[in-house]
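Before any comments, here is the structure.
Quick note: numbers below take in every heavy atom, side chains included, and nothing from hydrogens, waters or symmetry partners. Small disclaimer: the values here were computed from a predicted structure and weren't measured. Throughout, a chain's letter reflects where its sequence line sits, starting with A, and its residues are numbered from 1.
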Protein chains: 2
Amino acid sequence: MTDSQAKAGSGKRERLVEAAVRVFYQQGVEKTTIADIARAADVPVGNVYYYFKTKDQLIEAAIGSHARILDAVIAASDRHETPSGRLKALIAGWVADREQTVRYGCPFGTLSSELDKRGDGLDTAAAEVMRVLVDWAERQFAAMGRADAKELAIAYVAAYQGISLLTNTFRDPGLMVAEGARLSRWIDSLVS
Amino acid sequence: MTDSQAKAGSGKRERLVEAAVRVFYQQGVEKTTIADIARAADVPVGNVYYYFKTKDQLIEAAIGSHARILDAVIAASDRHETPSGRLKALIAGWVADREQTVRYGCPFGTLSSELDKRGDGLDTAAAEVMRVLVDWAERQFAAMGRADAKELAIAYVAAYQGISLLTNTFRDPGLMVAEGARLSRWIDSLVS
DNA sequence: GTCTATACCACGATAGAC
DNA sequence: GTCTATCGTGGTATAGAC
């Protein structure tokens with residue numbers, strides 16, 4: 001994109017993607033209309049179609065945004081020297097975000113779950129993002145010397161997804177706190 | 001309901017509820033239309049409204065159906081003498097159902113997750129059903145002499161919900177098999 | 001109780017003026 | 001590149017004949 005185009009857009013594209021991520025998360029993909037996203041981004045409804053020809057393209061952009069957020073979270077965990085410290089750092093982040101989990105669940109898990117029932121090919125793109133998290137966790141468990149790193153990585157991510165669903169269902173942030181502590185103890189117990 | 005009314009209905013109400021449970025599970029609540037359910041139940045579209053005045057009432061009936069299924073699953077576990085045997089029996093059932101989990105996720109978890117973003121009050125009804133499962137699990141862990149039965153019950157259900165989401169996202173039944181085995185070993189390790 | 005026809009509305013998407 | 005007006009589709013729900 002040239003400078004002039006970037007200036008002309010005034011960051012509308014970015015605003016639309018941010019709004020899409022937020023509104024999809026809060027209302028669900030299926031319930032969200034293009035008008036909802038336009039309003040949240042403060043962009044006239046008809047103008048959305050200049051940037052995204054279909055709702056599916058907006059969903060795709062939202063998945064890409066989640067991928068970048070995950071990359072940043074994983075990169076930030078690098079300041080911890082040990083793999084167990086990095087695994088626990090992500091857990092601490094999840095616990096810190098518990099109030100929004102109470103309201104809407106896991107930002108990516110709920111999206112992934114919904115896309116699976118949508119029929120278009122977007123579920124594959126969502127799976128690739130989830131794969132990045134699982135593979136990262138597997139590398140951490142492997143660095144801890146665990147031969148069953150693959151299985152542990154799945155259990156780690158599943159525990160987070162599951163407790164997010166229950167935290168949301170029961171509207172109880174305490175569930176995330178208790179399970180986060182339990183998972184951290186579990187990781188400590190695996191250190192050889 | 002009198003006999004004559006039951007006869008006149010020819011079980012249409014029951015067929016509609018069964019169809020609703022199935023189609024909501026496979027397509028998601030939001031994507032499913034009244035016409036979809038009518039077709040699946042082999043009932044004329046307009047006739048649905050004689051039994052259920054709104055889509056919400058159909059959802060409510062579907063939640064009730066899930067509650068009855070859960071009651072039956074829990075009752076069936078009673079043939080196992082030990083609490084750990086009962087907890088493992090449910091896990092075995094989840095593993096046995098892995099192929100449908102690969103396609104559509106956990107029948108009740110996906111519903112609960114979706115209802116939470118719907119705005120109406122149905123999420124509360126879903127939470128009550130989930131509560132039945134958690135409370136049952138808590139009683140089993142308590143019978144095993146665990147003081148932290150409440151926390152373990154949450155972890156148990158969360159593990160199932162989480163692995164269901166990942167099994168569905170990655171379309172890999174093997175994930176459910178491996179995690180089921182891991183959870184069973186975990187429960188054995190808790191037996192005093 | 002059963003079913004058809006249809007009212008009514010909301011949504012995704014487009015056409016075209018500016 | 002921006003925005004309005006609108007088209008077409010498909011959904012919930014109802015009216016009313018049978």
Throw together a table of side-chain donor-acceptor distances under 3.5 angstrom for residues 37-49 of chain A, partners on residues two or more places apart or in other chains.
{"from": "A/R39", "atom 1": "NH1", "to": "A/D36", "atom 2": "OD1", "distance (Å)": "3.4"}

Open item on the list: Output one letter per nucleotide in nucleotides 11-18 of chain C: B when a protein non-hydrogen atom lies under 4.0 Å from the base, S when only the sugar-phosphate is that close, - when neither is.
Closed with: SSBB----
- [ ] Measure the distance from CD on B/Q27 to P on D/dG10 and round it to the nearest whole Å.
- [x] 15 Å
- [ ] Please list, chain by chain and in numerical order, all residues satisfying ring-ring contact (aromatic ring centres under 6.0 Å, His included) with A/W94, sequence neighbours excluded.
- [x] A/Y156, A/Y160
- [ ] Provide, to the nearest angstrom, the distance between the CZ atom belonging to B/R39 and the P atom belonging to D/dG10.
- [x] 12 Å
Open item on the list: Rounding to an integer number of Å, can you tell me how far B/L16 CG sits from C/dG1 C1'?
Closed with: 14 Å
With a cut-off of 3.5 Å and sequence neighbours excluded, list every side-chain donor-acceptor pair involving residues 135-143 of chain A.
{"from": "A/Q140", "atom 1": "OE1", "to": "A/R86", "atom 2": "NE", "distance (Å)": "2.7"}
{"from": "A/Q140", "atom 1": "OE1", "to": "A/R86", "atom 2": "NH2", "distance (Å)": "3.3"}
{"from": "A/Q140", "atom 1": "NE2", "to": "A/W136", "atom 2": "O", "distance (Å)": "3.3"}

- [ ] Measure the distance from CG on A/N47 to P on D/dA5 and round it to the nearest whole Å.
- [x] 15 Å
TODO: With sequence neighbours left out, write down each residue that passes side chain to side chain contact (heavy atoms under 4.5 Å, CB included) with A/T101, or none if nothing qualifies.
DONE: A/S164, A/T167, A/M176
TODO: May I ask you to verify if any side-chain N or O of B/Y50 is less than 4.0 angstrom from the OP1 or OP2 atom of C/dG1?
DONE: yes
Open item on the list: For a quick test of reading the model, state the closest non-hydrogen atom pair linking A/Q57 to A/Y51 and the distance between them.
Closed with: OE1-O, 4.5 Å
TODO: Could I get the full list of ring-ring contact (aromatic ring centres under 6.0 Å, His included) partners for B/Y104, not counting sequence neighbours?
DONE: B/Y25
